[in-house]
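Down below is the structure, laid out as structure tokens.
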Amino acid sequence: MEVHEILKTLREKNKLTQEEMATRVNITRQAVSRWETGETQPNPQMLKVLSREFNVSINTLLGSPRQLVCQCCGMPLNEDSMISREPDNSFNEDYCKWCYENGNFIYTQKESLVDFLLQHMPNPQNQSDDERRQFFDNMLSQLKHWKA
């Protein structure tokens, strides 16, 4: 879906008129109308307001133009419910909710995350723990949180 369709669907899902949506985010009804027709789009600051107000990620508001991946564990973030939150409840699209919560990282040492992955990830090729540890370490080292 395109941005204008997403915004209209979001408004309708919340059972709001254009006027009510405009009031909720402190803009004019005409601005909402222009968004919904595709004439204009919300600016970056308004995307943040809409994200907070309607509990959806900015990536979702933009039609999921990029595949989000947790920059700590590498898990794809396919749903907003998987994305971490900041203390002000805004989305942090860089991390999953299992690695980052309320402004704090759950895994402060890469080794502790590797240990978790060794215990919980399937091992269909029956690799040794040392081989798997090396694989996880290499994979995690490519992510923003663990880059030196």
Side-chain angles (χ1 to χ4, degrees), residues 1-18 20-27 31-32 35-36 38 40-148:
M1 283 191 351
E2 295 197 29
V3 175
H4 70 276
E5 297 168 310
I6 292 165
L7 293 170
K8 184 174 183 179
T9 300
L10 183 64
R11 178 180 61 77
E12 291 172 344
K13 178 181 165 193
N14 284 276
K15 298 180 173 45
L16 299 172
T17 64
Q18 287 182 346
E20 291 167 330
M21 183 171 187
T23 300
R24 197 159 160 184
V25 295
N26 200 28
I27 58 170
V32 173
W35 292 346
E36 292 184 1
T40 63
Q41 289 188 359
N43 65 31
Q45 189 59 38
M46 183 52 65
L47 287 171
K48 290 178 186 177
V49 170
L50 291 165
S51 173
R52 240 186 334 268
E53 187 66 30
F54 293 101
N55 199 32
V56 294
S57 70
I58 291 172
N59 198 53
T60 295
L61 288 171
L62 295 175
S64 301
R66 58 192 173 108
Q67 172 58 55
L68 301 176
V69 174
C70 177
Q71 293 300 304
C72 182
C73 71
M75 181 173 62
L77 302 175
N78 299 326
E79 299 176 18
D80 285 353
S81 63
M82 300 168 80
I83 299 172
S84 67
R85 302 278 188 149
E86 293 292 349
D88 68 0
N89 206 35
S90 64
F91 285 96
N92 181 328
E93 296 182 1
D94 284 338
Y95 301 102
C96 72
K97 68 181 183 181
W98 297 280
C99 289
Y100 184 83
E101 183 177 44
N102 291 321
N104 296 302
F105 287 101
I106 306 304
Y107 298 100
T108 57
Q109 301 288 321
K110 184 168 45 169
E111 292 74 25
S112 64
L113 177 54
V114 170
D115 289 342
F116 177 86
L117 294 172
L118 278 172
Q119 291 176 356
H120 294 92
M121 293 297 289
N123 185 8
Q125 297 170 340
N126 293 318
Q127 294 176 303
S128 71
D129 281 353
D130 287 340
E131 290 173 310
R132 294 176 72 219
R133 183 174 296 282
Q134 183 65 46
F135 170 79
F136 291 135
D137 187 76
N138 288 341
M139 186 223 20
L140 294 174
S141 294
Q142 303 301 309
L143 301 172
K144 180 168 90 174
H145 183 66
W146 304 111
K147 283 190 175 178

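With values rounded to the nearest 0.5 angstrom, Arg132 atom CZ is found 11.0 Å from Met139 atom CE. Interatomic distance, Leu118 CG to Asp130 CG, rounded to the nearest 0.5 Å: 9.0 Å. Rounded to the nearest 0.5 angstrom, Leu140 CG and Lys147 NZ are separated by 12.5 Å. One finds the SG atom of Cys73 at 11.5 Å from the CD1 atom of Ile106 (value rounded to the nearest 0.5 Å). Here the OG1-CG distance, from Thr60 to Leu10, works out to 10.0 Å after rounding to the nearest 0.5 Å. With values rounded to the nearest 0.5 angstrom, Trp98 atom CH2 is found 13.5 Å from Leu113 atom CG.
Here the closest non-hydrogen pair linking Pro87 and Gly103 is CD-N, 3.7 Å. The shortest heavy-atom contact between Ile83 and Glu93 is CG2-CA, 3.8 Å. Closest of all the heavy-atom pairs between Met75 and Cys96 is CE-CB, 3.5 Å.
Residues Met82 and Cys70 are not in side-chain contact: their nearest non-hydrogen atoms beyond the backbone lie 4.5 Å or more apart. When side chains are defined from C-beta on, Met46 counts as touching Trp35, because their heavy atoms get closer than 4.5 Å. With contacts defined as side-chain heavy-atom distances shorter than 4.5 Å, the pair Phe54/Leu16 qualifies. Inter-residue side-chain proximity for Ile58 and Phe91 is flagged as unmet; no heavy-atom pair is nearer than 4.5 Å. In this structure, Ile27 and Val49 have side chains that are not in contact, with every pair of non-hydrogen atoms separated by 4.5 Å or more. The shortest side-chain heavy-atom distance between Glu36 and Arg11 falls under the 4.5 Å cut-off. In this structure, Leu7 and Leu61 have side chains that are in contact, with non-hydrogen atoms separated by less than 4.5 Å.
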query: Could you walk me through whether Leu50 and Met21 pass the side-chain contact (heavy atoms from CB on, under 4.5 Å) check?
result: CA-CA 10 Å; Leu50 291 165; Met21 183 171 187; 3.9 Å; yes
task: Show your reasoning for whether side chain to side chain donor-acceptor pair (under 3.5 Å) applies to Asp88 and Ser90.
output: CA-CA 6 Å; Asp88 68 0; Ser90 64; 2.6 Å; yes
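One side chain, Asn138 or Gln134, offers a donor N or O that lies under 3.5 Å from an acceptor on the other. Under 3.5 Å, the side chains of Asn59 and Ser57 contain no donor-acceptor pair of N or O atoms.
Using the six-membered ring where Trp is involved, Tyr107 and Phe116 have ring planes that are tilted, between 30° and 60° apart.
Among the candidates His145, Glu86, Arg85, the single residue satisfying the side chain to side chain donor-acceptor pair (under 3.5 Å) test with Tyr100 is Glu86.
Environment of CZ in Phe105: crowded, with over 12 heavy atoms of neighbouring residues, nucleotides or ligands closer than 6.0 Å. Remark: Gln109 CD is loosely packed, at most 12 non-hydrogen atoms of other residues, nucleotides or ligands lying under 6.0 Å away.
Sequence neighbours left out, the pairs with a member in residues 44-53 that pass side chain to side chain donor-acceptor pair (under 3.5 Å) are Arg24-Glu53.
Under the side-chain contact (heavy atoms from CB on, under 4.5 Å) criterion, Met1 pairs with Glu5, Ile6, Thr9, not counting sequence neighbours. Qualifying salt bridge (Lys or Arg N to Asp or Glu O under 4.0 Å) partners for Asp115, counting only residues two or more places apart in sequence or in other chains: Arg133.
Side chain of Glu79 to backbone of Leu77: no donor-acceptor contact under 3.5 angstrom is found.
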